Amino acid sequence: MSQELPPRLDPRSIEPARYRAWQDGGYFHVPATAVLEDGRDPYVIVIPPPNVTAALHMGHGLNNTVQDVLIRWRRMQGRASLWVPGTDHAGIATQNVVERQLAAEGLHRDDLGRERFVERVWEFVTETGGTILEQLKAIGASCDWERTRFTLDEDLQRAVREVFVSLYEKDLIYRGEYIINWCPRCLTALSNEEAEGEETQGSLWHLRYPLPLDATEAAAAARAAGAASVGQLPDGRWYLTVSTTRPETMLGDTGVAVHPGDERYAGLVGAHVELPLTGRTIPVVADRHVDPEFGSGMVKVTPAHDKNDFEIAGRTGLALLDVMTSDARMGDNAPEAFRGLDRFEARKAVLAQLEAVGLLAGSDAHTHAVPHCYRCNTVVEPRLSEQWFVRMKPLAEPALAASQDGTITFTPPHWQRVYEHWMENIQDWCISRQLWWGHRIPVWYCPCGEVMVSREDPAACPKCGSGALEQDPDVLDTWFSSQLWPFSVFGWPRETDDLKAFYPGHTMVTAPEILFFWVARMIMMGFEFQGEAPFTQVYLHGTVRDIKGRKMSKSLGNGIDPLRVVEEFGADAMRYTIVSQCAVGTDISLDHEDVEAAFANGRNFANKIWNAGRFALMSVGDGPVRPLADVEADLTVDDRWILSRVARASSEATRQLERFRLHEYAEGLYHFFWGEICDWYLELVKSRLQQGGDAASREAARSTLVAVLDHALRLLHPVVPFVTAELWARLPWPEDEARPADLIVAPWPSEAARWRDEAVEARFADFQSLVVEARRLRKEYGIGEGQRVAIHVAGGPEGFAAALTGRAGALEQLARVDRIETTPATGAGASAVLANGAEVFLPLEGVIDLARERKRMGEEVARVEGQLSGLRTRLANDKFVSNAPAEVVQKERERAAQLEEQSSKLREKLRALGA
RNA sequence: GGGCGCGUAGCUCAGUUGGUUAGAGCGCUACGUUGACAUCGUAGAGGUCACAGGUUCGAGUCCUGUCGCGCCCA
């Protein structure tokens with residue numbers, strides 16, 4: 001059957017079928033009974049639900065590959081390893097998509113009305129919403145698809161209501177009028193996290209507000225006290241200077257503030273200044289928020305359009321004056337001349353008019369962070385608005401403590417501090433959104449003024465009995481439902497078996513960008529509603545970037561489509577490439593202009609595995625294979641060496657996975673598989689596997705090779721599941737040994753430790769260095785691959801040279817050596833001395849170039865002596881000998897002795913060359 | 001303004017209790033098709049570990065400063 005395998009791995013011909021077989025075999029599904037009845041140890045990851053409208057991109061590729069590696073590994077360890085998939089309704093994002101569709105039809109959502117619009121979104125979501133989950137299957141994601149959830153599922157709606165009402169009852173949700181971030185395009189409030197600061201080159205304009213005549217004395221005093229911002233206009237009136245990056249807001253100023261301790265301005269507090277262009281006068285107040293050191297130490301106060309100013313007004317009693325409309329035009333409270341102007345037009349107009357009346361004192365270039373809507377990138381406007389908020393401080397306390405006491409760990413660890421800093425400075429969360437798509441706020445208003453916050457839709461007002469109730473028109477921030485994900489997916493608030501079995505989960509794998517949006521809030525909700533954290537490990541991976549370090553994005557056009565990669569190179573190639581770059585705390589960079597080069601490493605490795613497996617299957621053949629224990633007496637050094645290396649690779653792989661060092665896990669196995677199994681063991685075992693030789697040796701080789709391959713495929717399976725499973729399924733199996741049904745549930749290697757054999761490894765390393773040296777000497781003198789040479793080996797460890805005569809086949813195979821002599825060398829040839837002191841000589845009569853050989857040997861001597869002199873200096877240093885650990889000193893001594901021997905032998909050879 | 005991270009081979013990056021000759025992949029050079037694999041093999045070139053100090057017997061690794069780049073929060 002093995003002959004059927006083609007020499008080139010064709011992922012398309014194996015991956016889809018293999019995935020289907022896993023699904024049909026039910027390997028992804030974990031019922032609650034596995035934990036509750038069978039007593040298996042659960043391991044749970046809930047997927048960061050992608051937006052329901054999203055198409056798979058490389059960021060998803062990375063995120064889900066990492067999760068799948070962890071899930072597969074734990075599954076093989078025997079855990080009840082559950083990965084819950086699903087999608088997020090993504091309020092603004094999804095609404096925007098459908099609105100764009102409508103716009104293409106010349107329609108606006110108001111043309112449909114709320115009910116029909118929401119129906120339309122549902123249609124869209126039902127039709128296309130599963131796409132991304134289907135795409136995840138192509139990359140091999142072993143999610144429990146029977147548990148797929150959507151954040152607007154009925155169960156999850158119930159959870160959202162329960163949480164809202166419960167928090168309201170605990171006075172942790174309130175409604176009030178505050179300054180919030182407002183997107184004038186989406187026409188909705190945003191949370192602080194959704195308003196992303198963007199460094200912008202802007203201007204800081206200086207405006208003059210004239211003072212009345214009765215303030216002349218105080219103004220002059222301020223001026224005398226060094227307040228450069230106080231001055232006199234040409235007409236003799238005094239003025240104050242205030243600065244702003246948003247001049248249009250001056251139309252809504254209701255005061256000017258100074259610090260109460262700022263003596264320069266003490267006499268001006270209480271005065272009224274003229275607010276230009278408006279005909280209004282506004283008071284000068286004192287407030288501790290003002291930084292006397294910054295700028296003029298004097299600020300304009302616009303309470304309806306700035307968060308700090310709003311707070312100043314709250315303390316000082318300044319009036320609130322909203323001069324804008326919801327779409328950021330100047331509104332009815334602005335002077336008539338500005339009404340209807342867009343905020344940026346208004347800015348120009350205000351500046352022009354101030355200039356015209358001589359009250360613009362110029363501007364400075366000013367770089368500052370301007371908040372933008374994270375969904376549509378429109379400049380966010382701080383706006384006075386009545387919204388719903390969550391009181392975060394009490395919720396943050398246990399979530400903060402869990403990080404501090406190590407209940408929750410972060411990888412990489414520095415995120416712990418970022419998280420704690422955010423928790424310590426947490427602000428209330430604006431959760432109401434003026435959208436139609438999302439979880440409707442469960443609050444009803446009665447014309448009598450009664451407000452009902454209820455788990456069930458109320459039929460009538462409990463106070464006046466009226467049935468004319470109106471539900472709050474707003475929906476909740478998408479993250480309000482996402483934060484419940486770790487328990488809402490298990491049916492909460494019902495007390496389900498799933499919840500008992502799978503909460504709390506274990507690992508959260510996500511990107512740092514949503515640490516606050518999502519991770520922090522899940523932790524808070526976990527404590528509030530389940531009494532414990534939803535997971536204990538937070539693994540934050542990097543960002544996928546292009547070769548120039550730019551984040552991959554649709555708008556930049558620098559993305560790579562994961563499905564295209566799967567199609568062209570296979571899911572295994574994509575997964576290996578990603579995981580092998582997945583060093584803790586670093587980003588992944590992939591060349592979008594040369595996709596083949598970007599994934600070549602993964603593709604080549606998958607092909608290498610394929611061919612090694614193909615060769616092994618062919619060579620081992622179909623006959624029965626004996627258990628390793630039965631052939632133990634016939635194992636060669638090579639067999640025992642590779643088994644020892646398997647043991648090492650197993651424990652190393654486990655150790656790296658435990659520490660989330662996925663790239664070291666992947667790369668370690670890459671080098672083990674390619675550099676040790678393929679380059680050495682397979683080459684060595686080839687001749688033994690041929691028919692007609694020593695039967696006992698052949699059986700030992702067959703058993704060893706099967707065991708080695710079995711272990712290697714198991715270790716590699718989490719990262720390259722398809723090619724490994726395909727080969728493993730064809731692997732012959734030792735007689736009388738139980739065989740797992742599929743590699744996906746084969747036990748993770750943990751028993752190999754008994755194969756460790758340091759002595760054998762050392763012996764083999766000596767052999768390797770001989771082969772490497774022989775190859776090097778051949779190359780040095782251009783001996784072609786087809787040409788055989790003799791080799792003389794003398795000295796070195798006891799029995800080293802003698803043992804080589806029994807390895808003629810191996811040396812022939814690996815170094816093209818056809819004759820081994822343990823006698824001293826004679827004649828012309830190339831020499832070397834191995835690190836173990838063995839002298840190596842290749843007779844190269846007629847080929848050898850004495851001058852060249854002398855030069856080469858001279859360089860070798862210099863290299864060895866260079867190292868030796870460094871070592872000698874160190875060993876001659878009393879401080880080193882007395883301070884360094886004994887074993888370090890001992891090692892250096894041994895090394896020095898070795899180098900001395902090597903060096904003296906090299907010198908001897910050099911002398912023999914007549915140098 | 002506050003906090004964090006990075007600067008190692010032509011390119012992308014590893015390198016966690018400080019300890020031999022600093023590694024990988026890609027790229028490059030030479031040779032090679034021997035019955036797994038040319039998506040391959042063998043050998044090779046290529047690095048003052050940004051710079052300057054310091055701690056230490058010993059620093060890519062720890063500390064301080066400088067220069068350059070990036071991110072987060074206000």
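Per chain, numbering begins at 1; letters A, B, ... match sequence-line order. From a predicted model like this one, the values you see are computed outputs, not experimental measurements.
Spacing between atom CG of Leu590(A) and atom C1' of rC26(B) amounts to 12 Å, rounded to whole angstrom units. Distance, Arg8(A) CZ to rA36(B) C1': 14 Å, rounded to whole Å. Nucleotide rG3(B) holds its P atom 14 Å from the CD atom of Glu424(A), rounded to whole Å. Atom CD of Gln416(A) and atom C1' of rC4(B) are 14 Å apart (whole Å). Distance, Gln581(A) CD to rG25(B) C1': 9 Å, rounded to whole Å. Per the geometry, CZ belonging to Phe605(A) stands 18 Å off P belonging to rC37(B), to the nearest Å. Distance Asn607(A) CG to rA36(B) C1': 10 Å, rounded to the nearest Å. We find that CH2 of Trp680(A) is positioned 20 Å from P of rC37(B), with the value rounded to whole Å.
Looking at every heavy atom in both residues, Glu683(A) comes nearest to Leu814(A) through CB-CD2, 3.6 Å. Among all heavy-atom pairs drawn from Leu709(A) and Ala616(A), the shortest one is CD2-CB, 3.6 Å. Contact between Leu190(A) and Cys430(A) at its shortest, heavy atoms only, is O-CB, 4.2 Å.
On the P atoms, rG44(B) is 27 Å away from rA50(B), given to the nearest whole Å. Between the P atoms of rA36(B) and rG15(B), the separation comes to 37 Å (whole Å). Look at the P atom in both rU48(B) and rU55(B): the space between them is 26 Å, to the nearest Å. Atom name C1', nucleotides rG53(B) and rG1(B): the rounded distance is 29 Å, in whole Å. For the P atoms, the distance linking rU64(B) with rC4(B) amounts to 11 Å, nearest Å. For the C1' atoms, the distance from rC67(B) to rA24(B) is 29 Å, rounded to whole Å. Separating the P atom of rC62(B) from that of rG68(B) is a span of 23 Å, rounded to the nearest Å. rU29(B) and rC72(B): their C1' atoms are spaced 45 Å apart (whole Å).
By the side chain to side chain donor-acceptor pair (under 3.5 Å) test, Glu664(A) pairs with Arg661(A), sequence neighbours left out. Applying the side chain to side chain donor-acceptor pair (under 3.5 Å) test to Arg775(A) and every residue at least two apart in sequence or in another chain returns nothing. Taking Trp610(A) as the reference, nothing meets the ring pair (Phe, Tyr, Trp, His ring centres under 6.0 Å) condition, with sequence neighbours excluded. Qualifying side chain to side chain contact (heavy atoms under 4.5 Å, CB included) partners for Ala399(A), counting only residues two or more places apart in sequence or in other chains: Tyr419(A), Met423(A), Ile523(A), Met524(A). Every side chain to side chain donor-acceptor pair (under 3.5 Å) that Asp638(A) has, sequence neighbours left out, goes to Arg807(A).
In terms of phosphate contacts, Thr577(A) brings no side-chain nitrogen or oxygen within less than 4.0 Å of OP1 or OP2 of rG25(B). Put simply, Asn604(A) has a side-chain N or O that comes within less than 4.0 Å of OP1 or OP2 on rC40(B).
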Item to check | Intra- and interstrand pairs of RNA chain B - dot-bracket, Watson-Crick/G-U under 3.5 Å, | marks other strand | outcome: (((((((..((((.....[...)))).(((((.......))))).....(((((..]....)))))))))))).
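In the region residues 875-882 of chain A, proximity to RNA chain B at under 4.0 angstrom, judged on heavy atoms, holds for Asn877(A), Lys879(A), Phe880(A).
Checked by atom type and distance alone, the side chain of Glu15(A) pairs as donor or acceptor with a backbone atom of Ala571(A) at under 3.5 Å. One N or O on the side chain of Asn611(A) and one on the backbone of Pro7(A) form a donor-acceptor pair closer than 3.5 Å. Under the 3.5 Å distance criterion, the side-chain polar atoms of Arg698(A) are matched with a main-chain donor or acceptor of Leu689(A).
Using a 4.0 Å heavy-atom criterion, one finds that Ala600(A) contacts no nucleic acid atom at all. At the heavy-atom level, Ala597(A) lies nowhere under 4.0 Å from the strands shown. When heavy atoms are screened at a 4.0 angstrom cut-off, Pro512(A) is found touching no nucleic acid atom at all. Residue Glu513(A) is classed as having no contact, given no heavy-atom separation below 4.0 Å to the nucleic acid.
Classified by interplanar angle (parallel below 30°, tilted 30° to 60°, perpendicular above 60°), the ring pair Phe310(A)/Tyr178(A) is perpendicular.
None of Val625(A), Asp710(A), Leu705(A) except one satisfies the side chain to side chain contact (heavy atoms under 4.5 Å, CB included) rule with Pro732(A); the exception is Val625(A).
Where Leu682(A) and Gly784(A) meet RNA chain B, the nucleotide closest to each residue was compared, and Gly784(A) sits on the side nearer the 5' end.
No salt bridge links Glu652(A) with Arg648(A); every basic N to acidic carboxylate O contact stays at or beyond 4.0 Å. Taking 4.0 Å as the cut-off between side-chain N and carboxylate O, Arg856(A) and Glu860(A) do not count as a salt-bridged pair.
Listed by first and then second residue, the salt bridge (charged side-chain N to carboxylate O under 4.0 Å, His left out) pairs involving residues 889-898 of chain A are Arg874(A)-Glu892(A) (not counting sequence neighbours).
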Between the protein and nucleotides 41-43 of chain B, which nitrogen or oxygen pairs come in under 3.5 angstrom?
{"from": "rG41(B)", "atom 1": "OP1", "to": "Lys608(A)", "atom 2": "NZ", "distance (Å)": "3.4"}
{"from": "rG41(B)", "atom 1": "OP1", "to": "Trp674(A)", "atom 2": "NE1", "distance (Å)": "2.3"}
{"from": "rU42(B)", "atom 1": "O2", "to": "Lys779(A)", "atom 2": "NZ", "distance (Å)": "2.8"}

Nucleotide N/O to protein N/O under 3.5 Å, stretch nucleotides 68-74 of chain B:
none

Identify all pairs in which a protein N or O lies below 3.5 Å from an N or O of nucleotides 20-24 of chain B, and state each distance.
{"from": "rU20(B)", "atom 1": "O2", "to": "Arg895(A)", "atom 2": "NE", "distance (Å)": "2.6"}
{"from": "rU21(B)", "atom 1": "O4", "to": "Arg895(A)", "atom 2": "NH2", "distance (Å)": "2.8"}
{"from": "rA24(B)", "atom 1": "O3'", "to": "His671(A)", "atom 2": "NE2", "distance (Å)": "3.4"}

Below 3.5 Å, can you tabulate the donor-acceptor pairs from side chains in residues 669-679 of chain A to any protein atom, sequence neighbours excluded?
{"from": "Tyr670(A)", "atom 1": "OH", "to": "Asn601(A)", "atom 2": "ND2", "distance (Å)": "3.2"}
{"from": "His671(A)", "atom 1": "ND1", "to": "Glu667(A)", "atom 2": "O", "distance (Å)": "3.1"}
{"from": "Glu676(A)", "atom 1": "OE1", "to": "Arg645(A)", "atom 2": "NE", "distance (Å)": "3.0"}
{"from": "Glu676(A)", "atom 1": "OE2", "to": "Arg645(A)", "atom 2": "NE", "distance (Å)": "3.1"}
{"from": "Glu676(A)", "atom 1": "OE2", "to": "Arg645(A)", "atom 2": "NH2", "distance (Å)": "2.9"}

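With 3.5 Å as the limit, one finds a donor-acceptor pair spanning the side chains of Gln416(A) and Glu420(A).
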